Each structure stands twice: as C-alpha cells, then as structure tokens.
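Heads up, the thing below is written out as structure tokens.
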2 protein chains.
Amino acid sequence: MFSIGELSRRAGVKIPTIRYYEQMGLMAAADRSEGNQRRYSKDGLKRLSFIRHSRELGFSIDDIRGLLELSQHPEKPCRDAHNMAARRLDDVRARIAKLRRLERELKRISGCDADTIAHCAVIETLADHGLCEGDH
Amino acid sequence: MFSIGELSRRAGVKIPTIRYYEQMGLMAAADRSEGNQRRYSKDGLKRLSFIRHSRELGFSIDDIRGLLELSQHPEKPCRDAHNMAARRLDDVRARIAKLRRLERELKRISGCDADTIAHCAVIETLADHGLCEGDH
DNA sequence: GTAATCTCTCTAGCGGCTAGAGCTTCAAGA
DNA sequence: TCTTGAAGCTCTAGCCGCTAGAGAGATTAC
C-alpha cells in the first residue's frame, strides 16, 4: 500500500489530478489510512496508468469510463472498444488536416518581408480573409 | 448602422461571442440605440472579421489584442507581428507532430481483429504503455 | 395596436484540470 | 517520546473561450 504522492510519482500523474479522477468516478474511492489518507495498491497504479495512457491518446473522461468498464469484462465482444478507437482516429485525422491548412497559411504570411505594419502581410491577411489561399 | 444580429450574420460570429469579445476588450464598447441596443458600423464589422480570422488561425484572445493594437499603427515596424505568427507556426507544427504520433498508434491498435476484450489490442495497449511503438 | 422576433443583462456551466487556504497526519531524527 | 517539516486532507475558485438560459425590455412588420 502506498500514498497518493507515491502513486503520483509512479504513474506520472499529478496529485490533484488523481483526486479529480476519483471525483469523476474513474478511480474507485481509495482505501484510507487511520488518519484518512488515501492508500493505493498495485491495482490502483494499473488503473491510473490505463487512464493516463488513454488521456494521452486523446480519449475523453467519458470515453475512458466506457473503456474501463469494458476492460473489466474480458469475455465481452470488443466491438465497442474498436468503435471508440476508430472514432478517435477519425477525429485525430480531421484535426491534422485542419492544422495542415493552418500551417500552410501561417507559413505564407510569415514569409512577408515588409518593414512596417502598413505593408505587412500578417496584419493584412488577418484583416481580409479574401487574401487567404485556402479555407479554414 | 446595424444590429448585433446583423453583425453576427455578416461576420459569422455568434451573438454571445460578440458580446464576450466586447467584455474582453477586443471589440470597442458599441454605440447604442435609444433603447440601449448595440449598433455597429462597417468598422465594427471589419474589426470583428479580423478577430474571427485571427481566432481561426489559432491566435489567443491575448495575441489578438496585441495584433489589433499593432494594426492601428501602420507606421510601426512589424517585427512583433512576425514574431507572433512565427510562434503560432511553431505551435501548429508541434501539434501536428504530436497528432501524427497519435494517429500511428491509434491506427495500430484499431487494426486489432480479436473478438473479445480479453484479446483486444485496444484495451491491452491502453493498459500497458510498454506495448506502444513510439512515445506520446 | 399587436404579435413575433430581437436584444438586453446577469449568472452559471462546459472540460480537464490547477492553485491556494487552512487544516490534520505522517515519518524520521534527536 | 517529542519535535519538526513534509505530505496529505477538504473546499473553493480560477483557467480558456465560449455557450446556454432566465426574465426582462426594444424593435419591427403587418
């Protein structure tokens, strides 16, 4: 059994965040010491690592609730888990596409070599969307 | 002079968002009708379009305050504007790179063709970061 | 004149944390 | 055993960039 600080270090998740996950129902309410401090076992660490990893991949708190629920039932079909991953993949791809457009536009306007605001492509472009190449 | 609804339609920015921008000091406090309703001119529309466009490119409210300030002084050098655009570009590129790594990982785990949770790569990977290919 | 539509201000909520106040508990050394 | 300093507790509030809703008043078309 270890403390929340120890869990925090081992999982790489900040203490207030762990408490937040408990509030949100991702982490089960932890066992307590006599003095009311949280005590965790390896299971807690596993679960927190699962959560952290899922967050890194961009799953929402709500998604993770679902994934955790699924992970408790190894005999169930994993269609739902696949669907969730696929949705995330779509989302990530859409965001990449959008950022690519932004990158192109920012690159273009950064290329301006004017000296003063009056002739600066950055400001000019922001003022007039018509000057943009693509859409965003 | 036109109403906030009209401005909203013309600029493609929702009404509460316009009022929010006013609160944040991006839009000047608008003129008012006798009955205390906001009235805008073409200048207001220009400014709001500038704001909208800047937001689309990912500039923060704070950045935009700076950009608007700059745009009012055409005689000034535009180094600051360039720096801001360059910082945004760096940021966008970093985010693209991160999303790319996520995409790869999600693609990999989505490729799993197991039937049950017990053998599902999605869940398995989330539970054990060691199974990931890259880092994220 | 009346009805339908806008607009007003104010407050609260979203997600996913993060920070701080003011207190209690724990663990290591003297 | 006592002390001290770190670590933990709960609770509330704040971050960003909006968005939603209540309950009121203004405007506009017929």
Side-chain angles (χ1 to χ4, degrees), chain A residues 1-27 29-41 44 47-48 50-68 84 87-88 91-92 95 98 102 136, chain B residues 1-27 29-40 44 47-48 50-68 87-88 91-92 95 98 102 136:
Chain A
M1 297 298 253
F2 40 87
S3 68
I4 196 170
E6 183 67 19
L7 178 65
S8 164
R9 267 184 303 278
R10 293 207 206 178
V13 175
K14 288 182 186 157
I15 293 174
T17 305
I18 297 172
R19 291 198 275 244
Y20 171 73
Y21 289 158
E22 184 180 312
Q23 248 185 269
M24 294 299 101
L26 295 191
M27 291 294 285
D31 288 344
R32 300 291 181 126
S33 72
E34 284 194 14
N36 198 36
Q37 300 192 352
R38 289 171 180 81
R39 290 295 175 257
Y40 296 91
S41 65
R47 198 173 169 97
L48 185 55
F50 186 105
I51 295 170
R52 177 190 167 187
H53 197 184
S54 305
R55 284 294 301 139
E56 281 172 349
L57 289 178
F59 289 99
S60 70
I61 299 290
D62 227 49
D63 283 343
I64 297 174
R65 236 189 302 268
L67 289 167
L68 279 165
M84 288 166 84
R87 265 203 307 273
R88 270 268 66 215
D91 180 39
V92 164
R95 280 160 63 190
K98 176 150 192 226
L102 294 190
H136 38 249
Chain B
M1 299 296 257
F2 40 88
S3 70
I4 196 169
E6 182 68 18
L7 179 65
S8 165
R9 267 185 301 279
R10 292 208 207 177
V13 175
K14 287 182 188 160
I15 291 174
T17 305
I18 297 173
R19 291 197 274 245
Y20 172 73
Y21 289 157
E22 185 180 312
Q23 248 186 269
M24 293 300 102
L26 296 191
M27 291 294 284
D31 289 342
R32 299 292 181 126
S33 73
E34 284 193 14
N36 198 37
Q37 299 194 351
R38 288 170 180 83
R39 291 294 175 260
Y40 295 92
R47 200 176 169 95
L48 185 55
F50 186 106
I51 297 169
R52 178 190 167 187
H53 197 184
S54 304
R55 283 294 302 137
E56 281 171 350
L57 288 177
F59 289 98
S60 71
I61 298 290
D62 227 47
D63 283 343
I64 298 174
R65 236 190 302 269
L67 289 169
L68 279 166
R87 266 203 307 274
R88 271 268 65 216
D91 180 39
V92 164
R95 280 159 65 190
K98 175 151 195 228
L102 293 191
H136 38 250

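The analysis underlying the following values was restricted to heavy atoms, covering all of them including side chains, and did not include hydrogens, waters or symmetry mates. Computed from a predicted model, the values in this text were never measured in an experiment. Note on naming: letters A, B, ... go to the chains in the order of the sequence lines (proteins, then strands), and numbering restarts at 1 for each one.
Remark: Tyr21(B) is in phosphate contact with dC18(D), judged by side-chain N or O atoms under 4.0 Å from OP1 or OP2. The side chain of Ser33(B) places an N or O atom within less than 4.0 Å of a non-bridging phosphate oxygen (OP1 or OP2) of dT27(D). Within the 4.0 Å cut-off from OP1 or OP2 of dG8(D), at least one side-chain nitrogen or oxygen of Ser3(A) is found. Close to dT9(C), at under 4.0 Å from its OP1 or OP2, lies a side-chain N or O of Arg32(B). One finds a side-chain N or O of Thr17(A) lying less than 4.0 angstrom from the OP1 or OP2 phosphate oxygen of dT18(C).
Between dT27(D), dT25(C), dT18(C), one nucleotide has an atom nearer to the side chain of Gln37(A) than all others, and that is dT25(C). Side-chain atoms of Ile61(A) lie closest to dG16(C) of the nucleotides dC8(C), dG17(D), dG16(C). The nucleotide whose nearest atom lies closest to any side-chain atom of Ser60(B) is, among dT19(D), dG17(D), dT18(C), dG17(D). Closest approach to the Arg38(A) side chain among dG8(D), dT9(C), dT10(D) is made by dT10(D) (side chain taken as heavy atoms from C-beta onward).
Between the CD1 atom of Ile15(A) and the P atom of dA19(C) there is a distance of 12 Å, given to the nearest Å. Distance CD1 (Ile64(B)) to C1' (dC16(D)): 12 Å, rounded to an integer number of Å. Between the C1' atom of dC26(C) and the CD atom of Glu6(A) lies a distance of 14 Å, rounded to the nearest Å. Put simply, CD1 on Ile18(A) is 12 Å from P on dC17(C), counting in whole angstrom units. Here dA7(D) presents its C1' atom at 14 Å from CG of Leu7(A), a figure rounded to the nearest Å. Following rounding to the nearest Å, Met24(A) (CE) and dG13(C) (P) show an atom-to-atom distance of 13 Å. In this structure, Met27(B) places its CE atom 17 Å from P of dG17(D), rounding to the nearest Å. Look at CD on Glu22(A): it is 14 Å from P on dG8(D), rounded to the nearest Å.
Map Asn36(B) and Arg55(B) each onto its nearest nucleotide of DNA chain D; the residue landing nearer the 5' end is Arg55(B). With DNA chain D read from its 5' end, the first of the two nearest nucleotides for Gly35(B) and Phe59(B) is the one closest to Phe59(B). Residue Ile4(B) is the one, among Ile4(B) and Glu34(A), whose nearest nucleotide of DNA chain C lies closer to the 5' end (criterion: closest heavy atom).
Residues Leu26(B) and Ile61(B) share a closest heavy-atom pair of CD2-O, 3.7 Å. What you find for Ile15(A) and Gly5(A) is that their closest heavy atoms are CD1-CA, 3.9 Å. A pairwise comparison of heavy atoms in Arg38(B) and Tyr40(B) identifies CD-OH, 3.1 Å as the closest pair.
Between Arg19(B) and Glu22(B) no salt bridge is recorded (no basic side-chain N to carboxylate O distance below 4.0 Å). Salt-bridge formation is detected for the pair Arg95(A)/Asp91(A): a Lys NZ or Arg NE/NH1/NH2 atom is positioned less than 4.0 Å from an Asp or Glu carboxylate oxygen.
Residue Arg19(A) is in base contact, counting any heavy-atom pair closer than 4.0 Å across all strands shown.
With rounding to the nearest 0.5 angstrom, the CG atom of Leu57(A) is 11.5 Å from the CG atom of Asp63(A).
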